[in-house]
Amino acid sequence: MKNTLRQYVVLISVLATLVVNVLADALPINGLNTAAISDRFHVWFVPAGYVFAIWGLIYIGLIAYGIYQVLPARREDPRLRSVDGFFVLASLANILWLFLWHYELFVGTLAAMLVLLAALIAIYLRLGIGVTKASTAETWLVRVPFSVYLGWITVATIANATELLDYLKWTGFGLPALFWFLVVLLAVLVIATLMSLNRKDAAFVLVILWALAGVAYKNAAMPVLWITTLTTALLVGLGLIYSLLRRRAIAS
């Protein structure tokens with residue numbers, strides 16, 4: 001009975017997250033559009049608008065996870081039940097972020113985003129993505145959705161931080177904006193490479209590549225920005241290909 005209740009709490013959390021995310025722009029909350037608020041900030045590490053269509057894929061993945069984990073056969077699944085609390089926390093943080101963002105409480109948005117990121121990392125680690133075996137169903141209905149979700153929130157956290165710094169009028173210790181942009185790209189490259197080599201997580205890395213392509217496209221008018229961004233994407237892609245070929249060689 002206890003596990004059944006937990007299953008339905010998770011399913012309700014999925015539905016609540018989807019509803020609030022959709023209503024955020026459909027209403028919109030506080031009369032403001034999510035992307036329009038983002039466009040106010042003069043930062044370079046923000047993807048073009050079309051990239052945010054990835055939320056559709058995330059929604060589908062969350063629905064798949066919600067339905068899969070609520071099945072009677074999954075009631076006593078220790079791996080799935082071990083992430084219930086973290087998923088509810090992630091859902092609450094996601095919803096809170098939207099309200100903070102739409103009411104322009106930008107300092108609070110980064111705090112909420114960090115909680116969301118931490119909860120997703122905990123889920124990722126507890127599921128053992130990339131280091132333990134899983135059935136085909138669990139791989140596609142649980143692991144891939146969380147890889148995509150974590151990949152996007154990783155990008156979103158970095159973008160959120162840069163937007164907050166712009167809002168606070170941070171001067172970058174007097175160093176040029178290009179220097180900090182390159183630091184951000186280096187951080188993204190390191191994260192993606194580690195995920196490729198240690199987890200061989202193609203879904204996560206493909207999200208990073210999708211975001212980098214969007215950043216390059218948005219900065220198309222500034223050659224130094226799109227060239228460095230695409231160079232980073234190329235290195236990320238090569239790292240993923242190398243890790244997948246290495247796994248194939250080991251398996252054979």
Side-chain angles (χ1 to χ4, degrees), residues 43-48 50-58 60-61 90 113-114 116-134 136 138-162 177-220 222-252:
V43 298
W44 291 333
F45 192 80
V46 175
Y50 75 87
V51 176
F52 292 86
I54 196 173
W55 273 109
L57 184 59
I58 293 173
I60 292 171
M113 186 68 79
L114 289 172
L116 173 55
L117 178 65
L120 290 177
I121 290 173
I123 292 171
Y124 190 91
L125 294 176
R126 290 202 169 206
L127 290 175
I129 298 176
V131 295
T132 61
K133 293 183 178 180
T136 300
E138 183 179 334
T139 296
W140 287 102
L141 301 178
V142 180
R143 295 190 171 201
V144 170
F146 277 115
S147 289
V148 172
Y149 197 3
L150 177 59
W152 181 250
I153 294 304
T154 298
V155 172
T157 301
I158 296 172
N160 198 163
T162 61
L178 179 59
F179 170 82
W180 292 110
F181 181 72
L182 294 176
V183 168
V184 169
L185 289 182
L186 178 60
V188 172
L189 175 60
V190 170
I191 292 169
T193 301
L194 289 174
M195 293 297 279
S196 290
L197 297 179
N198 295 336
R199 297 280 172 163
K200 298 175 179 59
D201 191 342
F204 180 98
V205 178
L206 287 174
V207 172
I208 299 298
L209 288 173
W210 173 253
L212 288 173
V215 172
Y217 181 81
K218 187 168 185 177
N219 294 305
M222 302 179 69
V224 67
L225 299 185
W226 68 259
I227 289 173
T228 53
T229 303
L230 288 182
T231 300
T232 303
L234 176 62
L235 294 173
V236 168
L238 290 174
L240 176 60
I241 293 171
Y242 169 77
S243 69
L244 294 178
L245 290 176
R246 184 182 175 191
R247 179 174 67 180
R248 194 171 189 179
I250 293 173
S252 60

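Side-chain contact between Ile153 and Thr157 is present, with at least one heavy-atom pair separated by less than 4.5 Å. Under the 4.5 Å side-chain criterion, counting only non-hydrogen atoms from C-beta, Phe45 is in contact with Val188. In this structure, Tyr149 and Ile123 have side chains that are not in contact, with every pair of non-hydrogen atoms separated by 4.5 Å or more. Side-chain contact check for Phe204 versus Ile191: some heavy-atom pair is nearer than 4.5 Å. Counting heavy atoms from C-beta on, the side chains of Leu230 and Leu212 never come closer than 4.5 Å. In this structure the side chain of Trp44 never reaches within 4.5 angstrom of the side chain of Leu185, judged on heavy atoms. Between Ile129 and Ser147 there is a side-chain heavy-atom pair separated by less than 4.5 Å.
The distance from the CD1 atom of Ile227 to the CE atom of Met222 is 11.5 Å, given to the nearest 0.5 Å. Taking CG of Leu150 as the reference point, atom CG of Leu117 lies at 6.5 Å (rounded to 0.5 Å). For the atom pair CG (Leu245) and CG (Leu240), the distance works out to 9.0 Å, reported to the nearest 0.5 Å. Put simply, CZ on Arg199 and OG on Ser243 are 13.0 Å apart, with the number rounded to the nearest 0.5 Å. Here OG1 of Thr193 is found 4.0 Å from CG of Leu189. Values are rounded to the nearest 0.5 Å. One finds the OG1 atom of Thr231 at 8.5 Å from the CH2 atom of Trp226 (value rounded to the nearest 0.5 Å).
Scanning all heavy atoms of the two residues, the minimum distance from Val144 to Ala203 falls at CG1-CB, 4.3 Å. When all heavy atoms are compared, the tightest approach of Ala90 to Leu116 is O-CD1, 3.3 Å. Here the closest heavy-atom approach between residue Leu209 and residue Ala233 is recorded as CD2-O, 3.1 Å. Residues Pro47 and Lys218 come closest through the heavy atom pair O-CD, 3.7 Å. Between Ala192 and Ile208, the shortest heavy-atom distance links the atoms CB-CG2, 4.2 Å. Between Asn198 and Val131, the shortest heavy-atom distance links the atoms O-CG1, 4.4 Å.
Other residues, nucleotides and ligands place more than 12 heavy atoms under 6.0 Å from the CH2 atom of Trp55. Other residues, nucleotides and ligands place no more than 12 heavy atoms under 6.0 Å from the OH atom of Tyr242.
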Next on the checklist: Apply side chain to side chain contact (heavy atoms under 4.5 Å, CB included) to residues Leu178 and Leu225 and explain how you reach the verdict.
Outcome noted: CA-CA 8 Å; Leu178 179 59; Leu225 299 185; 3.9 Å; yes
Item to check | Audit row: Trp210, Tyr50, ring pair (Phe, Tyr, Trp, His ring centres under 6.0 Å) steps and yes/no | outcome: CA-CA 10 Å; Trp210 173 253; Tyr50 75 87; 5.5 Å; yes
Next on the checklist: Let's go through Phe52 and Trp152 carefully: what are the C-alpha distance in whole Å and the side-chain angles of both, what is the deciding distance for ring pair (Phe, Tyr, Trp, His ring centres under 6.0 Å) to 0.1 Å, and is it a yes or a no?
Outcome noted: CA-CA 9 Å; Phe52 292 86; Trp152 181 250; 5.4 Å; yes
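The side-chain contact (heavy atoms from CB on, under 4.5 Å) test with Phe181 is passed by exactly one of Val43, Val215, Thr162: Val215.
A donor-acceptor contact shorter than 3.5 Å is absent between the side chain of Arg143 and the backbone of Glu138.
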